[in-house]
Structure formats: structure tokens, C-alpha cells
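Remember, predicted model here, so these are calculated numbers, not experimental data. Hydrogens, waters and symmetry mates are skipped; everything else that's a heavy atom, side chains included, is used. In what follows, chains carry the letters A, B, and so on, assigned in the order in which the sequence lines appear, proteins first and then strands, with residues in each chain numbered from 1.
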Number of protein chains: 2
Amino acid sequence: MAKEYHSKYKTWILDYLGERKDSRLSASEIHTAMAKDGLNANLVTIYRNLDRLVDEKKLNRQKISGEEENFYQFLAPDLHCTSHLHLICSKCGRIIHLNCEFMKEISDHLLADHGFQIDCQDSALVGLCRDCRAKSAV
Amino acid sequence: MAKEYHSKYKTWILDYLGERKDSRLSASEIHTAMAKDGLNANLVTIYRNLDRLVDEKKLNRQKISGEEENFYQFLAPDLHCTSHLHLICSKCGRIIHLNCEFMKEISDHLLADHGFQIDCQDSALVGLCRDCRAKSAV
DNA sequence: AAATAAAATGCAAATGATTTGCAAAAAACG
DNA sequence: CGTTTTTTGCAAATCATTTGCATTTTATTT
């Protein structure tokens, strides 16, 4: 008879990120957005709920070169985020889920020719998305 | 008539990482290794020299998911590190330079099919190298 | 070799993201 | 309601990294 507690903050975070599957937000960005929505949690509470959600594998935590903060990203079973790579735009933060047949070629090649077994969850390809490339090519 | 100062610490760091092109070390690892070699610099000095070397594009600074520290990697023009991806073993830290023809296929595909222009310098594929995979498959 | 200028160093303290200890508030369940 | 367990907030700790500043080292010029 395990008790089922729930935190409104945790629910809010999951909903919020679930509506933004193509982006990744930092703890403080989430904190700010939540406050704008009238829900005032302590930043520590945000961190704790993010930790729980990562433990429950409902969110993914990513840190890439040049960033000082961790970023959190929605992770649902039906997104298959553990089996594909993510492209992250270094300008706007947009996430592109690399859900194409080419993905398999990459992992096969790495394994066959380099003996390397990729861990998609922790890997990320950084660069410029189409929109930001267009903007910067003024 | 720009004066040319040089720091023995900077030289030591570059030499040390230059002899370890297939690995990446953190500031404190470098600090420790340097001390073992009888050269005692303050950790702050290590940080400052690493910054300079990154500015001079002689080292690359990388941070990946799950790591709290920055890691530094030797970067020489003849290694073409800016135009290929790096595979990083999450277990032993080994770096594999993805210097193969397949690399071009990856970047071409990302650009053509996803409009994404990869920045190899900040991208890294994390996973298990051949040796660590063999060990963990006991 | 001494004087000057610029850069490199060490120390202490600041920073910024994240974590932790602890007591109080909220939720679950009998 | 009363008890138990979880969640929260606050203050303080932590950890990697950075900064301010006075001192030392180095390069270059007398």
C-alpha cells in the first residue's frame, strides 16, 4: 500500500515541457515560466522535481559544450528518444528528433567500423537549425 | 614589437595533452598530473592557461551530459578536429576522431534532409568504445 | 647590468548552478 | 481527527570556475 503523493509543481513541469517537445529548458527558465503562470515555487523545489522526473525517465537532462546550465527535455516512450539522436540548435535551442532511417546507418557504422556503441541519450549534435541558418545568412 | 612571454605551465599543458591526443582531461586532472611531474602551479593558473590555449585554438573545451567539469582536448590543425565528430567513451574517456568518409555523409544528410548545419566542435557522440564494451560484456 | 613595461602568478574572495540539512506545511490514509 | 510519509522553503553548503589585486616573473630597452 504505497502512498501516492503528488506535487502540483511536478505536474505543471511535465505538462509544460510536454507541450514543448521540440525545446529544452533550464531550471531557472522553468522557474520563471511557472511564476508567470501564477505558480510560485522555490527554485530548490523546481530542482527537486526535475530530479524526480529525470529519475522516473519522464525528462532527459542534457548539458552541452559552452553551456553552464543543465537543460531538460520531455521524454515520452512514444517519442523513442532513447533510440535516436537529437540535433540542438545552438542559437534558438530548438530540438530536432533525428527519427529517420539514416539514424540506423549512423549507429550501425559506428559499431561496425569503430566498435563504438552510441548512447543516444547523452549524445547531441550541436549546430544551426534551418531557420537560424537563414537568419544568420543575411 | 609585441613581446612574447611564455609560461612554463602553458607549455607543459600543451605538451602533455599533445602526447594524449586520444583523451580529454579536466583542469584538476591536469593539475594533479602536473604536480606529479614536479611542477606546482596553482589551480587558478591552470584555468587561466587553459583559457588562453582555448582562445588560441590549440585546445578544445568540451562538456557533455552527466559531467560536471569541462574537459580539454588537444587540437592541432593537422588533426582537422573542427571538421569531424568525436566519439567519447563514457567509461574510459577515450576519444575517437571520426575521420572517415562516412563523416561527410552524416553532415550532408543533416543539411539536405533536416536543414541542420552541424558544428563539429561542440558536438560529441557519447557511448562505449570497443574495449569498454568488451569489458562490460562479461 | 639596471630600469621599464607587460604579462603571469598566487591568494582570497566572488560567482553561479546545484545540492543538502532541517524544521514546517501538505497530502495520503487509516 | 491522528498518524505517517512526502513535499516544501529557507539558509547554508558545495563544487567548478572566475575575478580582483598585489606580487613576481619575463621581455625588452637603456
Side-chain angles (χ1 to χ4, degrees), chain A residues 1-17 24-35 37-56 58-73 88 90 93 122 124, chain B residues 1-17 24-35 37-56 58-73 88 90 93 122 124:
Chain A
M1 46 184 84
K3 295 185 182 178
E4 274 282 305
Y5 292 78
H6 56 266
S7 153
K8 53 183 172 184
Y9 302 126
K10 188 165 141 184
T11 310
W12 191 95
I13 293 173
L14 200 57
D15 287 351
Y16 191 77
L17 286 173
R24 43 204 284 287
L25 299 168
S26 67
S28 69
E29 285 171 337
I30 292 169
H31 185 230
T32 307
M34 192 185 274
D37 198 30
L39 200 53
N40 288 81
N42 190 297
L43 185 54
V44 175
T45 300
I46 307 282
Y47 275 112
R48 277 195 278 233
N49 281 300
L50 287 170
D51 284 350
R52 286 169 200 149
L53 288 164
V54 170
D55 284 350
E56 295 167 13
K58 289 177 182 157
L59 294 184
N60 191 28
R61 193 195 330 256
Q62 282 187 332
K63 182 181 285 185
I64 61 174
S65 297
E67 294 175 346
E68 349 61 45
E69 294 167 286
N70 283 319
F71 282 80
Y72 298 85
Q73 167 195 1
I88 298 177
S90 55
D122 281 339
Chain B
M1 46 182 84
K3 295 185 184 179
E4 273 283 304
Y5 293 79
H6 55 268
S7 154
K8 53 184 172 183
Y9 302 126
K10 188 166 144 183
T11 309
W12 190 96
I13 294 173
L14 200 57
D15 286 352
Y16 190 78
L17 286 173
R24 43 205 286 287
L25 299 169
S26 68
S28 69
E29 286 172 336
I30 292 169
H31 184 230
T32 307
M34 191 184 273
D37 198 31
L39 201 53
N40 287 81
N42 190 297
L43 185 54
V44 175
T45 300
I46 306 282
Y47 275 111
R48 277 196 277 233
N49 280 299
L50 286 171
D51 284 349
R52 286 169 200 148
L53 287 164
V54 169
D55 284 349
E56 295 167 13
K58 289 176 182 158
L59 294 184
N60 191 27
R61 192 192 333 252
Q62 282 187 332
K63 182 181 287 185
I64 62 173
S65 298
E67 294 175 346
E68 348 61 46
E69 295 167 286
N70 283 320
F71 282 80
Y72 299 86
Q73 163 195 4
I88 298 178
S90 55
D122 281 340

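Look at B/N70 and you'll find a side-chain N or O under 4.0 angstrom from OP1 or OP2 of D/dT17. Between C/dT9 and B/R52, a contact under 4.0 Å exists linking OP1 or OP2 to a side-chain N or O. Proximity of B/T45 to the phosphate of C/dG10: a side-chain N or O atom is located under 4.0 Å from OP1 or OP2. Between A/N42 and the phosphate of D/dT8, there is no side-chain N or O to OP1/OP2 separation shorter than 4.0 Å. For B/Y5 and D/dA27, the shortest distance from a side-chain N or O to OP1 or OP2 is not below 4.0 Å. Considering only side-chain N and O atoms, B/H6 lies nowhere under 4.0 angstrom from the phosphate OP1 or OP2 of C/dA7. Of the side-chain N and O atoms in B/Y9, one or more sit less than 4.0 angstrom from OP1 or OP2 of C/dG10. For the OP1/OP2 pair of D/dT8 and a distance below 4.0 Å, the side-chain nitrogens and oxygens of A/S7 include at least one atom meeting the criterion.
The interatomic distance linking B/D51 (CG) with C/dA8 (C1') rounds to 14 Å, in whole Å. The distance from atom CG of A/L50 to atom C1' of C/dT19 is 13 Å, rounded to the nearest whole Å. Atom-to-atom, CG of A/N49 to C1' of C/dT20 comes out at 16 Å; the value is rounded to the nearest Å. Between the CG atom of A/L43 and the P atom of D/dT7 there is a distance of 18 Å, rounded to whole Å. Rounded to whole Å, atom C1' of C/dT15 lies 14 Å from atom CD of A/E69. In this entry the distance linking CG of A/N40 with C1' of D/dT8 reads 13 Å, nearest Å. At whole-Å resolution of the value, CD1 in A/I13 and C1' in D/dT7 are 13 Å apart. Here the P atom of nucleotide D/dT6 and the CZ atom of A/R48 are 14 Å apart, to the nearest Å.
Separating the CD1 atom in A/I13 from the CG atom in A/N49 is a distance of 5.0 Å, to the nearest 0.5 Å.
In this structure, A/H31 contributes its side chain and A/A41 its backbone to a donor-acceptor pair below 3.5 Å. Distance alone, capped at 3.5 Å, places no donor-acceptor pair between the A/D37 side chain and the A/L39 backbone.
The side-chain heavy atoms of B/Y9 and B/R48, taken from C-beta on, include no pair separated by under 4.5 Å.
Between B/A33 and B/Y16, the shortest heavy-atom contact is CB-OH, 3.4 Å.
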